[in-house]
Amino acid sequence: MWEMINNRRIVFGENRVDEIPGILKWYGLKKVFFASGNSNPALRERICNGLTTEGIEYSIYLAIQGEPDLTVINNGRDQFITEHCDCTLAVGGGSVIDAAKTIGMLATNGGLAEDYQMHGRAVTHVPPFFIAVPTTAGTGAEATKVAVVKNNYNGLKKSLYHTTMIADVAILDPLVTVGMPKRLTAATGMDALSHAIESYVSLNATPLTEMNGLQAIRLIKQSLERACEHPDDIAARSDMLLASYFGGCAISAGIGIAHIMAQPIGAMYTIPHGDACSIFLPLAMEFNLDCAVHKYAQIAEALGVAVHGESERNNALRAIEEVKRLRKSIGAPTSLKAYLKGETPDEDLMVETVKKTTGHITCNPRKVDEDVYRYVFKLAM
Ligand SMILES: [Fe+2]
């Protein structure tokens with residue numbers, strides 16, 4: 001038994017961001033809450049000019065600089081309401097999209113972001129019309145109903161979600177990802193690969209998430225290295241943007257041990273999410289190997305490294321080696337060391353943090369517990 005939530009409309013192609021004002025106008029919307037990162041002022045100005053031409057007002061929100069916390073979200077909700085906005089536009093990375101997703105929901109449902117985290121208060125009202133435009137290729141936040149928000153009081157990153165929180169329209173314009181630096185391209189690409197692989201071996205995988213996951217893996221193999229080495233290669237950028245989208249669709253099957261570790265540990269040591277995923281993904285694959293041999297062999301095929309006639313186990317091992325090779329080739333992080341800055345990590349605090357945030361997740365193919373968190377954490381040093 002399963003269900004799947006997708007965007008109502010997906011708009012893919014070069015310069016498709018220019019269609020945002022027309023879409024809002026068609027829906028009869030008057031004033032847009034425009035959440036954006038601060039890294040691409042030219043793109044923002046271009047969209048604002050288009051909105052003005054179509055007679056749509058806007059209220060810009062630039063406060064989302066890193067992964068969003070409660071203050072950023074709750075202030076955004078206040079701005080949405082006091083400015084009388086009637087729709088939401090997010091142009092940015094996963095943090096901006098997740099923040100906008102939550103701000104829109106709060107604008108119609110009331111309360112504070114923390115009320116809704118971890119199965120808290122229920123969403124009871126449809127959020128405003130929402131367009132999401134990813135400017136990085138990794139989180140797939142435009143394809144999900146989930147937002148991850150850091151709680152200021154306890155430092156924990158927790159999710160909140162509802163089927164109506166997914167963007168109504170996702171605009172995938174590869175040209176807006178062209179300026180991404182190599183390091184960010186590599187890390188976000190590893191995040192997308194983690195979504196694809198973890199969801200594929202998840203105990204909650206469905207035919208739709210499997211289809212999305214495998215296609216994401218094929219596209220990442222085809223184009224991640226090229227996108228890193230040749231940032232202006234539009235075909236590679238297009239493949240990665242689609243891979244990120246498909247990874248976002250796939251992750252509704254649930255996250256596995258790589259994300260179970262990466263999400264809380266990233267919050268503890270201020271590690272960008274993609275970097276944390278890059279560190280934990282191959283470790284997760286090795287840990288899960290015996291419980292997912294068949295699926296890893298299929299992943300080896302998607303990665304183009306399966307050898308016909310070989311045992312599934314050998315091909316599964318090839319998949320793991322290929323992920324490690326790819327990570328090395330793009331220069332993505334392999335160890336937590338650099339982020340610990342010489343500090344001796346507090347292992348007990350790490351275990352408690354994982355337990356309080358992602359420790360409830362049970363769809364990893366091999367059973368995980370406190371000893372596993374400690375074991376994998378040590379391997380990541
Ligand atoms: Fe992720």
Side-chain angles (χ1 to χ4, degrees), residues 66-68 90 92-99 101-102 132 134-150 156-161 165-167 170 177 180 183-202 204-205 209 212-213 216-217 219-220 224 240-285 288 323 326-327 330 332-333 336 339 353-354 357-359 361 363-364 368 376 380:
E67 290 170 4
S95 299
V96 171
I97 294 173
D98 273 7
K101 208 181 271 180
T102 312
T135 57
T136 62
T139 67
E142 70 282 7
T144 76
K145 61 179 181 180
V146 183
V148 179
V149 176
K150 187 170 174 174
L156 301 177
K157 265 198 219 176
K158 291 187 179 183
S159 60
L160 60 151
Y161 54 86
M165 284 169 62
I166 192 168
T177 68
M180 240 200 309
R183 205 181 180 294
L184 189 59
T185 304
T188 50
M190 288 303 290
D191 186 22
L193 186 60
S194 304
H195 296 164
I197 291 177
E198 293 223 276
S199 63
Y200 193 67
V201 300
S202 165
N204 294 339
T209 63
N212 281 300
I217 293 166
L219 289 169
I220 290 165
L224 178 55
M240 286 310 300
L241 196 55
L242 288 177
S244 172
Y245 184 80
F246 294 141
C249 294
I251 203 69
S252 65
I255 56 173
I257 183 67
H259 270 81
I260 288 172
M261 301 291 287
Q263 191 170 306
I265 290 171
M268 280 178 78
Y269 297 108
T270 323
I271 309 172
H273 179 67
D275 287 4
C277 288
S278 171
I279 293 164
F280 284 107
L281 178 61
L283 297 173
M285 293 178 78
N288 284 333
V323 169
L326 186 60
R327 179 176 70 170
I330 59 175
L336 289 172
Y339 301 93
T353 310
V354 173
T357 46
T358 46
I361 292 164
C363 59
N364 189 72
V368 297
V376 176

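Start at 1 with the first residue, then count along the sequence. In each ligand, atom 1 is the first atom listed, and ligand 1 is the first ligand listed.
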- For D275 and P333, indicate whether the former's side chain and the latter's backbone hold a donor-acceptor pair under 3.5 Å.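 No; judged by distance alone, with no hydrogens or angles, the pair does not exist.
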- Task: Look only at the side chain of S194 and the backbone of M190, and say whether a donor-acceptor pair between them is shorter than 3.5 Å.
- Result: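 Side chain of S194 to backbone of M190, a donor-acceptor pair under 3.5 Å: yes, one is there.
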- Check H195 and report its N/O/S atom nearest to the Fe ion (ligand 1), by atom name.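 So the atom name we want here is NE2.
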- Item | the Fe ion (ligand 1) - name of the N/O/S atom of D191 that sits closest to it |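 Among the N, O or S atoms of D191, the one closest to the Fe ion (ligand 1) is OD1.
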- Message: Need one value: angle at the Fe ion (ligand 1), H259 atom NE2 versus H273 atom NE2, rounded to 10 degrees.
- Response: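 It rounds to 90°.
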- T144 and K101: side chain donor to acceptor below 3.5 Å: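 Looking only at side-chain atoms, K101 and T144 do form a donor-acceptor pair, the distance falling under 3.5 Å.
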- Query: side-chain hydrogen bond (donor to acceptor under 3.5 Å, both in side chains) with H273: which of Q263, H259, K157?
  - Reply: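 Only one of Q263, H259, K157 forms a side-chain hydrogen bond (donor to acceptor under 3.5 Å, both in side chains) with H273, namely H259.
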